[in-house]
Amino acid sequence: MEFDESEWLLADDYFAVSTIGIDADWVITDGDEGAVSGVFFHTAASNLRGSRPSYAPFGRLPTDLADPSLAFLPTAASARSSSRGLLLLVGPWSTYYVCNPATAKWRTIPRPPRPHLYCRTPSLALALVNLPDGPARFYVVCADTDESAGGYRFQIFSSPSGTWQEWFAVTTSADPIVPCSGVSAAGVAYWRTSAPAVLAYDPEADEARVLPPPPGCGDAGGPWELGEAGEDGRLCCTCVTESAVVVYRLGPSDEWSILDSLPVTVFGGDEAVEQESGVPIACRAPPRPLRFESTKLEVVLWVDGHVLAVDLESHRVREVQFDGPAPGDVEDLVSYVSTEAPVGPVKSS
């Protein structure tokens, strides 16, 4: 069986590719600069103990983070969102941290005027928006529905002002926000809603809008996730249908266009999956899209217990290598791009 560069192989183990006659270099182990570097996650056991997050890199190479457990932070915290090299974490008592795991630089965010009780209000949704260029600044955005006002309520921490502000947006619908769906792209925070729809908030323009999802997303309960991809930082969406993984990109006029469509063949049972010519994804269960972030055109998928970054131009695959307990298939994973991005100064309020 011959494979060309338009196809990629999924094997149960990185070294298993050599046993079926495929060059082991086909599953690449590291990416170009700006590609997604790894994922932060919490296992069910670590969440119960309130321990620090775990980090796993894509490929077999050692992680480039000096302290992947983020022990430089004063308390244990949960990774919730990432943006252009920075990571947002939530600690006890509505404590927020923004850090760069690659440089171990971090800042504590002043507590919000009102506690953020995630256990009591699961619809509270977070997103980090990092703008590293001239001057470096970031925003922590917390969104929730406001049924009384008929829209959404946003609580925003601004590093330039050093304060929290509250803003309301009246929209045609105020459907619940899907937890752990927040991403940022080109300076705007985005979340999925249960409608389904896409909620957008621009912290610098102080504007919100609700967008329709790409065609077919959410139909019949099909999974879909948002992410940032490409050098221009466009919002993208990965949608899994019965026959394909379809990747969309949002255009300037809020219109979705297809970036790529990867056909899927699902094989039942526990037998080893054999790759067929012309079928890019062969798996035992339908793939699950994950939130993603990359300056390359790539997306992140959960496929048969493997976390894969798929390059949409070459269709080559990088796999996360877990050194220790791996997360379950329902755990939230935060994609991270390792950069030297500065953690913007927080003005003293």
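The first residue in the sequence is number 1, and the count goes up from there. All of these numbers come straight from a predicted model, not from anything done at the bench.
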Worked verdict on D146 versus F168 for side-chain contact (heavy atoms from CB on, under 4.5 Å): CA-CA 8 Å; D146 189 336; F168 296 88; 3.0 Å; yes
If I compare all heavy atoms of [X] with all of [Y], which pair ends up nearest, and what's the gap?
| X | Y | value |
| --- | --- | --- |
| V264 | C283 | CG1-SG, 4.0 Å |
| L126 | C142 | CD2-CB, 3.9 Å |
| P176 | T145 | CA-CG2, 3.8 Å |
| A56 | Q321 | CB-O, 3.7 Å |
| A125 | I177 | CB-CG2, 3.5 Å |
| P287 | V303 | CB-CG2, 4.0 Å |

Does some side-chain heavy atom of [Y] sit less than 4.5 Å from a side-chain heavy atom of [X]?
| X | Y | value |
| --- | --- | --- |
| C217 | C237 | yes |
| V334 | R80 | no |
| F157 | P110 | yes |
| F41 | E331 | no |
| W224 | V240 | no |
| V299 | L312 | yes |
| V343 | R107 | yes |
| L301 | L290 | no |

Any side-chain donor-acceptor pair under 3.5 Å between [X] and [Y]?
| X | Y | value |
| --- | --- | --- |
| Y97 | T75 | yes |
| S184 | S83 | yes |
| T95 | R111 | yes |
| E293 | S82 | yes |
| E204 | Y139 | yes |
| W167 | D206 | yes |
| H315 | D260 | yes |

Charged tip of R249 within 45° of W256 ring normal and under 6.0 Å: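 No, R249 does not sit over the ring of W256.
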Over-ring placement of R318 relative to F58, 6.0 Å and 45° cut-offs: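 Yes - R318 lies over the ring of F58, closer than 6.0 Å to its centre and within 45° of its axis.
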Ring pair (Phe, Tyr, Trp, His ring centres under 6.0 Å) against F138, all qualifying residues, sequence neighbours excluded: none
D202 with R209: basic N within carboxylate O range, under 4.0 Å: no
Salt bridge flag under 4.0 Å for residues R288 and E225: no
R291 and V183: CA distance, side-chain angles, deciding distance, side-chain contact (heavy atoms from CB on, under 4.5 Å) verdict: CA-CA 7 Å; R291 287 187 292 172; V183 302; 3.8 Å; yes
Heavy-atom neighbours of K296 NZ exceed 12 at 6.0 Å: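 Atom NZ in K296 is crowded, with more than 12 foreign heavy atoms closer than 6.0 Å.
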Verdict with supporting geometry, S335 and S294, side-chain contact (heavy atoms from CB on, under 4.5 Å): CA-CA 9 Å; S335 298; S294 176; over 6 Å; no
W164 ring center within less than 6.0 Å of H116 ring center: yes
L262 vs V310, side-chain contact (heavy atoms from CB on, under 4.5 Å): CA-CA, chis, key distance, verdict: CA-CA 10 Å; L262 305 171; V310 183; 4.0 Å; yes
Donor-acceptor contact present, side-chain S181 to main-chain R192, <3.5 Å: yes
Salt bridge (Lys or Arg N to Asp or Glu O under 4.0 Å) between R316 and D311, worked out: CA-CA 5 Å; R316 292 192 174 185; D311 187 299; over 6 Å; no
Y336/F292 under ring-ring contact (aromatic ring centres under 6.0 Å, His included): CA gap, chis, key distance, verdict: CA-CA 8 Å; Y336 172 72; F292 56 96; over 10 Å; no
